Protein chains: 2
Amino acid sequence: MSKIPQATAKRLPLYYRFLNNLNHQGKKRVSSKELSEAVKVDSATIRRDFSYFGALGKKGYGYNVEYLLGFFRKTLDQDELTDVALIGVGNLGTAFLHYNFLKNNNIQIKMAFDADEEKVGTKIGEVPVYHINDMEEKMTGVKVAILTIPASEADGITNRLVDQGITGILNFTPARITVPGHIRVHHIDLAVELQALVYFLKHYPLTKED
Amino acid sequence: MSKIPQATAKRLPLYYRFLNNLNHQGKKRVSSKELSEAVKVDSATIRRDFSYFGALGKKGYGYNVEYLLGFFRKTLDQDELTDVALIGVGNLGTAFLHYNFLKNNNIQIKMAFDADEEKVGTKIGEVPVYHINDMEEKMTGVKVAILTIPASEADGITNRLVDQGITGILNFTPARITVPGHIRVHHIDLAVELQALVYFLKHYPLTKED
DNA sequence: AATAAGTCGTGAGCAATTTCACAATATTAT
DNA sequence: ATAATATTGTGAAATTGCTCACGACTTATT
Ligand SMILES: NC(=O)c1ccc[n+]([C@@H]2O[C@H](COP(=O)([O-])OP(=O)(O)OC[C@H]3O[C@@H](n4cnc5c(N)ncnc54)[C@H](O)[C@@H]3O)[C@@H](O)[C@H]2O)c1
Ligand SMILES: NC(=O)c1ccc[n+]([C@@H]2O[C@H](COP(=O)([O-])OP(=O)(O)OC[C@H]3O[C@@H](n4cnc5c(N)ncnc54)[C@H](O)[C@@H]3O)[C@@H](O)[C@H]2O)c1
């Protein structure tokens with residue numbers, strides 16, 4: 001369908017955010033070199049990334065911020081709003097609910113679910129918390145879920161999400177969940193990230209020349 | 001120094017965790033195929049990853065769980081404790097403080113810092129919160145920091161961390177911070193992760209055959 | 001007008017990572 | 001013992017991603 005490399009696709013939201021910043025600062029043009037310094041991605045990589053979408057810049061000039069931003073807005077479907085459900089209103093889930101993803105974003109946490117009766121019926125950062133038993137009923141139309149429940153619950157809830165018709169899951173539990181092939185799962189494993197950082201520090205010490 | 005590919009190094013903590021689980025379940029042996037199903041990494045990749053450390057398995061048999069676990073414990077320095085400081089005790093920072101990284105881990109959040117007088121002096125999940133003004137004084141010996149402050153504060157605090165002698169930063173702010181080449185920064189950008197997932201769902205729809 | 005400086009878009013090469021596929025070896029069953 | 005089955009470790013190929021380096025073109029300057 002799309003021939004954009006995955007590595008490029010992952011960087012698009014980052015480019016979009018920084019272009020947005022530049023636009024708010026009133027900047028009219030930007031070079032791949034400037035952008036490179038801001039997002040910490042090699043300037044040749046940026047030019048290559050952009051080139052997959054055609055010739056967006058002008059030689060000797062750079063890129064027009066407003067034009068580029070508009071282009072990425074369309075490409076990233078920033079005009080359509082995507083609804084997301086959050087499952088598990090604990091420490092991590094509550095932090096996400098307080099955070100307004102909408103600020104720079106086309107993504108909205110529309111509802112949350114928990115098993116704890118004390119949380120059910122409340123609103124956290126404008127988002128209503130429903131009982132997990134009502135998930136299938138309330139969640140119609142929502143195709144993306146953020147999973148912030150205990151690892152032991154992950155498989156059970158995942159199966160229910162799959163049956164409900166989910167297409168994407170952002171999984172913060174340490175469990176590696178099993179889903180049918182047509183469902184996309186992105187894992188964010190904070191403990192692994194921290195351990196990996198520490199491992200790199202000990203085994204790949206950087207010198208002054210990178 | 002080490003010739004382990006970076007992609008392999010990033011998976012080590014994951015392998016370690018699942019081997020730990022297997023060991024607790026009393027499992028004595030495991031094949032790359034079984035492990036593959038658990039961690040969702042191709043079995044050939046797992047064998048290749050392990051092979052960088054030598055011949056850890058036995059042909060026709062698989063891997064001895066206890067032996068492998070012991071090997072990775074040493075490799076990942078699970079016997080040494082690494083102290084970490086957390087900067088910014090807000091929504092996200094508080095969630096991390098409540099989470100006990102030590103459970104399966106050799107990493108400990110030893111102290112936290114915030115600018116808010118109401119938080120200073122308290123303890124969250126056993127971790128003392130100090131005033132950010134006292135950072136340099138209190139932080140001696142700590143070489144890794146988790147950054148969960150507002151993006152606008154990121155550059156200023158980063159400079160102070162660099163001067164203080166930090167070697168690694170796990171950055172949760174959307175800011176792309178600038179550090180000298182010998183300091184390692186890992187970015188975890190939750191808004192980007194969510195946007196990227198949504199982008200993939202719309203532009204790379206998966207079929208039943210993956 | 002002519003020159004200098006700046007910057008894109010991309011061919012080509014390089015580097016990193018993943019995957020295939022199979023000989024070698026171990027275990028299990030009969 | 002022997003045969004059948006299981007599974008590793010790895011050479012080689014395939015895939016994916018990154019970076020150099022430069023021609024082409026734009027803008028600014030004199
Ligand atoms: N907090 C962190 O810093 C952190 C770090 C790394 C990983 N994680 C992982 O993220 C997940 C959430 O962590 P947390 O600290 O927020 O945990 P938590 O215990 O604070 O929150 C879990 C929430 O899920 C709810 N819950 C339990 N079973 C449920 C069910 N069947 N259906 C719906 N809701 C249910 C609980 O009521 C609770 O509110 C865990 O898997 C944890 O391992 C958290
Ligand atoms: N909460 C989320 O779900 C979420 C999601 C994506 C990204 N983020 C990013 O993570 C960071 C933290 O988010 P949050 O929701 O926890 O924000 P928050 O506002 O709840 O917390 C920030 C904390 O930092 C403290 N602080 C401010 N200035 C400081 C300084 N100079 N020194 C020390 N402490 C200082 C504040 O007192 C506050 O406690 C932000 O950069 C945010 O963009 C958060």
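Predicted model only: the values in this text are computed from it and were never measured.
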Once side chain to side chain contact (heavy atoms under 4.5 Å, CB included) is applied, do any residues pair with B/Glu66, and if so which ones, sequence neighbours excluded?
B/Asn23, B/Lys28, B/Asn64

Which of B/Phe72, B/Phe71, B/Tyr67 passes ring pair (Phe, Tyr, Trp, His ring centres under 6.0 Å) with B/Phe50? It is B/Phe72

Decide yes or no for A/Ile157 and A/Ile132: does some side-chain heavy atom of the first lie under 4.5 Å from some side-chain heavy atom of the second?
yes

Going 5' to 3' along DNA chain D, between which two nucleotides do contacts with chain B fall, using a heavy-atom cut-off of 4.0 Å?
D/dA6 to D/dA12

Per-nucleotide protein contact string for nucleotides 9-19 of chain C (B base, S sugar-phosphate only, - none; heavy atom under 4.0 Å):
BBBB----SSB

Is the B/Tyr199 ring parallel, tilted or perpendicular to the B/His203 ring (thresholds 30°, 60°)?
parallel

If the condition is side chain to side chain contact (heavy atoms under 4.5 Å, CB included), which residues does A/Ser32 pass it with, not counting sequence neighbours?
A/Ser43, A/Ile46, A/Arg47, A/Tyr63

For B/Lys110, side chain to side chain contact (heavy atoms under 4.5 Å, CB included) partners two or more places apart:
B/Asp83, B/Gln108

Cationic tip of A/Arg176 above B/Phe18 ring, under 6.0 Å, 45° of axis
no

Would you classify A/Ser43 as touching base, sugar-phosphate or nothing, given that sugar-phosphate means primed atoms plus P, OP1 and OP2, and contacts are heavy atoms under 4.0 Å?
nothing

Return the value, rounded to whole Å, for the distance between atom CG of A/Asn64 and atom P of C/dT7.
15 Å

I'd like a table of donor-acceptor pairs (distance under 3.5 Å, sequence neighbours excluded) in which one partner is a side-chain atom from residues 148-155 of chain A, with atom names and distances.
residue, atom, partner, partner atom, Å
A/Thr148, OG1, A/Ile87, O, 3.2
A/Thr148, OG1, A/Gly88, O, 2.7

